[in-house]
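A quick write-up on the structure given underneath.
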Amino acid sequence: MNQQTQAMYDKMRAKLEKVVPDVELRIKAEIAVEINALKAERNAVILGHNYMEPALFHSIPDFTGDSLDLSRKAAQTDKDVIVFCGVKFMAETAKILNPSKTVLLPSDKAGCSLAASITAEDVRALKARYPGVPVVTYVNTYADVKAESDICCTSSNAAAVVESLHAETVIFLPDEYLAKNVARETGKHIIFPSLTPGSSAQTGEGGDLDYQLIGWRGRCEVHEKFTVKDIETVRAQFPDAVVLAHPECSPEVTAAADFSGSTNAMIRYVRQSSAPHYLVLTECAMGDNIAAANPEKDILRLCMVRCPHMNMITMEDTRDALKFNRYVIDIPEEIRIRAARSVQRMIEIG
Ligand code: 13P
Ligand code: SF4
């Protein structure tokens, strides 16, 4: 091991000794050194979402955080290249906010079930059916969907964004569960319209006269899998466990949890609490990262549920992204300008 690799290995080991086996740390430390050299050569910044695996998370990113945080960092950077260790909609948001930069996503397979659940055409159809009703879209959507929206939100500001509109009715897309969680938080009712041509039938709770949030049936393929039964089973084994659930979980799960918030909010919650056991209902790698940051606390995670998209981002692919300039995020300018309005409005709210 040369001096640089040794220094990187020592830095990673100090954080990850209890979480990542030594043999892996040695291999990853070498790759991290290569990535950092390429990063300097290309004048790049690396942004790492909280779901990145622990060795990557604790070595190469210049900034880590939740999707709101990282979109701010992307907007502010003066580097030439932004490498987004996250999924495609996040890299797109970086490009939307900072179009003169080269934005790279290390894997072209890092999608998201929520982003895939809705198209720009779907949004146009909803707007035609509910003219004048403001459209809020979760950032977990692609640029053309953002372009059809009035404002975006993330899991950390969804309720604040809805309330900022002071509107009686809001179209909230595309996450069914986030919409239901926001409806509960803001005291609004929700309906799920059927958009079958010629049909005026409503599905879901609420009637045409009663609704204030109009939702969509998109779901996160990870968070939809957590159940109240999972929580009960863990509580039976660890009666003092504090349960944290991301708001993409079902409203039943978030109601049964002790806390629900964005990935950053969950990290903060564990840091500021003194309980000995926590169950973190979100992508398992974030549980690893929380465990590394809180060695005195026991972090329980249900790792049979993983995000296949976030897990596409490896250190090897991140190195190759910088080496071979891939995968470049491009958004047609006409779409980018309209999407930027919705994202900027969200950022102004905070
Ligand atoms: P955060 O905005 O809380 O980081 O969540 C992003 C995400 O994709 C959760 O599944
Ligand atoms: Fe999308 Fe769910 Fe993966 Fe987050 S965890 S990127 S919402 S599929």
Side-chain angles (χ1 to χ4, degrees), residues 44-51 61-105 112 114-115 118 120 123 134-167 170-175 178-179 181-182 185-186 213 220 246-248 261-268 329-350:
V45 63
I46 298 183
L47 306 179
H49 186 261
N50 291 327
Y51 288 168
D62 299 283
F63 301 101
T64 56
D66 66 7
S67 31
L68 180 61
D69 235 11
L70 295 181
S71 59
R72 285 208 184 94
K73 296 290 188 253
Q76 289 158 1
T77 189
D78 59 0
K79 299 284 185 187
D80 297 328
V81 177
I82 300 171
V83 182
F84 215 117
C85 291
V87 292
K88 186 177 174 194
F89 75 80
M90 296 179 178
E92 275 197 354
T93 306
K95 185 71 182 177
I96 287 168
L97 290 168
N98 212 336
S100 65
K101 309 299 176 190
T102 298
V103 178
L104 302 177
L105 180 66
C112 170
L114 279 170
I118 192 159
V123 186
V135 179
V136 177
T137 51
Y138 195 28
V139 282
N140 296 37
T141 46
Y142 293 122
D144 55 345
V145 166
K146 290 184 172 79
E148 295 296 337
S149 314
D150 294 293
I151 186 165
C152 288
C153 72
T154 73
S155 57
S156 69
N157 59 18
V161 165
V162 166
E163 276 168 347
S164 76
L165 296 170
H166 303 292
V170 169
I171 298 174
F172 189 97
L173 310 170
D175 186 344
L178 181 65
N181 286 318
V182 167
E185 201 176 332
T186 55
L213 276 191
C220 162
H246 194 276
E248 289 167 9
S262 76
T263 55
N264 263 14
M266 289 194 274
I267 292 169
R268 213 167 31 240
I329 299 290
D330 271 322
I331 302 170
E333 188 57 7
E334 172 268 328
I335 290 179
R336 191 200 66 75
I337 290 172
R338 290 190 293 130
R341 260 201 324 255
S342 312
V343 181
Q344 284 292 4
R345 273 188 80 187
M346 166 189 83
I347 286 183
E348 280 155 25
I349 286 175

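- Shown here are the side-chain hydrogen bond (donor to acceptor under 3.5 Å, both in side chains) partners of Ser156, two or more places apart in sequence or in another chain: Thr154.
- Here the OH-CE distance, from Tyr51 to Met90, works out to 7.5 Å after rounding to the nearest 0.5 Å.
- Note that CG of Asp66 is 6.0 Å distant from NE2 of His49, once rounded to the nearest 0.5 Å.
- Taking all atoms of both residues into account, the shortest heavy-atom contact from Ala179 to Leu213 is O-CD1, 3.6 Å.
- Nearest heavy-atom pair, Val139 versus Phe89, reported as atom, atom and distance to 0.1 Å: O-CD1, 3.0 Å.
- In this structure, the side chain of Lys95 engages the main chain of Lys101 through a donor-acceptor pair within 3.5 Å.
- The two residues Pro247 and Ser262 make their nearest non-hydrogen contact at CD-N, 4.2 Å.
- Not a single donor-acceptor pair under 3.5 Å links the side chain of Asn140 to the backbone N or O of Leu114.
- Using a 3.5 Å distance cut-off with no hydrogens or angles, the side chains of Asp69 and Asn264 do pair a donor with an acceptor.
- The nearest pair of heavy atoms linking Ile349 to Ser164 is CD1-OG, 3.1 Å.
- For the side chain to side chain contact (heavy atoms under 4.5 Å, CB included) with Phe172, the lone residue among Val162, Val161, Val135 that qualifies is Val162.
- Residues forming a side-chain hydrogen bond (donor to acceptor under 3.5 Å, both in side chains) with Thr141 (at least two apart in sequence, or on another chain): none.
- Of the possible polar contacts, one joining the Asn98 side chain to the Ala74 backbone as a donor-acceptor pair under 3.5 Å is found.
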May I have the step-by-step check of side chain to side chain contact (heavy atoms under 4.5 Å, CB included) for Thr77 and Leu47, ending in yes or no?
CA-CA 10 Å; Thr77 189; Leu47 306 179; over 6 Å; no
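- Looking only at side-chain heavy atoms (C-beta outward), Lys73 and Val45 stay at 4.5 Å or farther from each other.
- A salt bridge is absent between Glu92 and Arg336: the closest approach of a Lys/Arg side-chain nitrogen to an acidic carboxylate oxygen does not fall below 4.0 angstrom.
- Of all the heavy atoms in Ala340 and Ile96, the pair that sits closest is CA-CG2, 3.3 Å.
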Yes or no on side chain to side chain contact (heavy atoms under 4.5 Å, CB included) for Met266 and Asn50, after CA distance, side-chain angles and deciding distance?
CA-CA 10 Å; Met266 289 194 274; Asn50 291 327; over 6 Å; no
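- Counting heavy atoms from C-beta outward, Thr93 and Phe84 have side chains that stay 4.5 Å or more apart.
- Closest non-hydrogen pair, Ala91 versus Val103, comes out as O-CG1, 3.5 Å.
- For the atom pair Thr263 OG1 and Leu68 CG, the distance stands at 10.0 Å (nearest 0.5 Å).
- In this structure the side chain of Tyr138 never reaches within 4.5 angstrom of the side chain of Cys152, judged on heavy atoms.
- The distance from atom CD1 of Ile347 to atom OG of Ser71, rounded to the nearest 0.5 Å, is 4.0 Å.
- Distance alone, capped at 3.5 Å, places no donor-acceptor pair between the Lys146 side chain and the Thr137 backbone.
- Side-chain contact between Asp144 and Arg338: absent, with no pair of heavy atoms (C-beta onward) separated by less than 4.5 Å.
- Between Leu165 and Arg345 the shortest side-chain heavy-atom distance falls below 4.5 Å.
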Step by step, would you call Arg341 with Asp150 a side chain to side chain contact (heavy atoms under 4.5 Å, CB included)?
CA-CA 8 Å; Arg341 260 201 324 255; Asp150 294 293; over 6 Å; no
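- Distance check, rounded to the nearest 0.5 Å: CD1 of Ile82 to CG of Leu105 gives 12.5 Å.
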Pair Val123-Leu173, side chain to side chain contact (heavy atoms under 4.5 Å, CB included): steps then yes or no
CA-CA 9 Å; Val123 186; Leu173 310 170; 4.1 Å; yes
